[in-house]
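Take a look at the structure set out below.
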Amino acid sequence: IELWIGSDDVARRVGVEASTIRGWVARSCPKAHPFPAPEARYRGRNYWQKKTIDRWKAEQRRLDEEYRANSGNLRRQ
């Protein structure tokens, strides 16, 4: 059984405010690495599988490290 988490839990896992998650979803942000769209909606709330968020967070961490290693110049693969 997969673990489903809502915007508040997602925000805590990622280290941002829940309003930031809502903004990213509404605007397909961050532009360099868009946040995944909700995988389920129930009673007006968004939900993601925990593994989806963990995968996005790991990818974002790798991109951040690459950005820092290149002295602030984002290198596309």
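Numbers here are sequence positions counted from 1. When reading the values below, keep in mind they use all heavy atoms of this one structure, side chains included, and skip hydrogens, waters and symmetry mates.
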Notebook entry, point to check: Which side-chain hydrogen bond (donor to acceptor under 3.5 Å, both in side chains) pairs, counting each pair once, include a residue from residues 18-30, with sequence neighbours left out?
Noted result: none
Checklist line | Beyond-backbone contact of R41 with R45, side-chain heavy atoms, under 4.5 angstrom | finding: no
Quick one: side chains of residues 10-18, donor-acceptor pairs under 3.5 Å with protein atoms, not counting sequence neighbours, listed by atom name and distance.
from	atom 1	to	atom 2	distance (Å)
R12	NH2	D9	OD1	2.4
R13	NE	D54	OD1	2.9
R13	NH2	D54	OD1	2.8
R13	NH2	D54	OD2	3.4

Notebook entry, point to check: Considering residues at least two apart in sequence or located in another chain, which fulfil the side-chain hydrogen bond (donor to acceptor under 3.5 Å, both in side chains) criterion with R61?
Noted result: none
Checklist line | Atom pair NZ (K50) and CZ (R55), whose distance is rounded to the nearest 0.5 Å | finding: 11.0 Å
Item checked: Minimum heavy-atom distance between P36 and V25, given as atom pair plus value -> O-CG2, 4.3 Å
Note to self: Taking ring pair (Phe, Tyr, Trp, His ring centres under 6.0 Å) as the criterion, tell me which of W56, W4, F35 meets it with W48.
What the structure shows: F35
Item checked: From CZ (R62) to NZ (K57), nearest 0.5 Å -> 16.0 Å
Notebook entry, point to check: Which value, rounded to the nearest 0.5 Å, describes the distance between K51 atom NZ and L3 atom CG?
Noted result: 11.5 Å
Notebook entry, point to check: From S7 OG over to N46 CG, what is the distance, rounded to the nearest 0.5 angstrom?
Noted result: 5.0 Å
Margin query: So, using side-chain hydrogen bond (donor to acceptor under 3.5 Å, both in side chains) as the criterion, who are the partners of E39 when residues are at least two apart?
Written below: T52
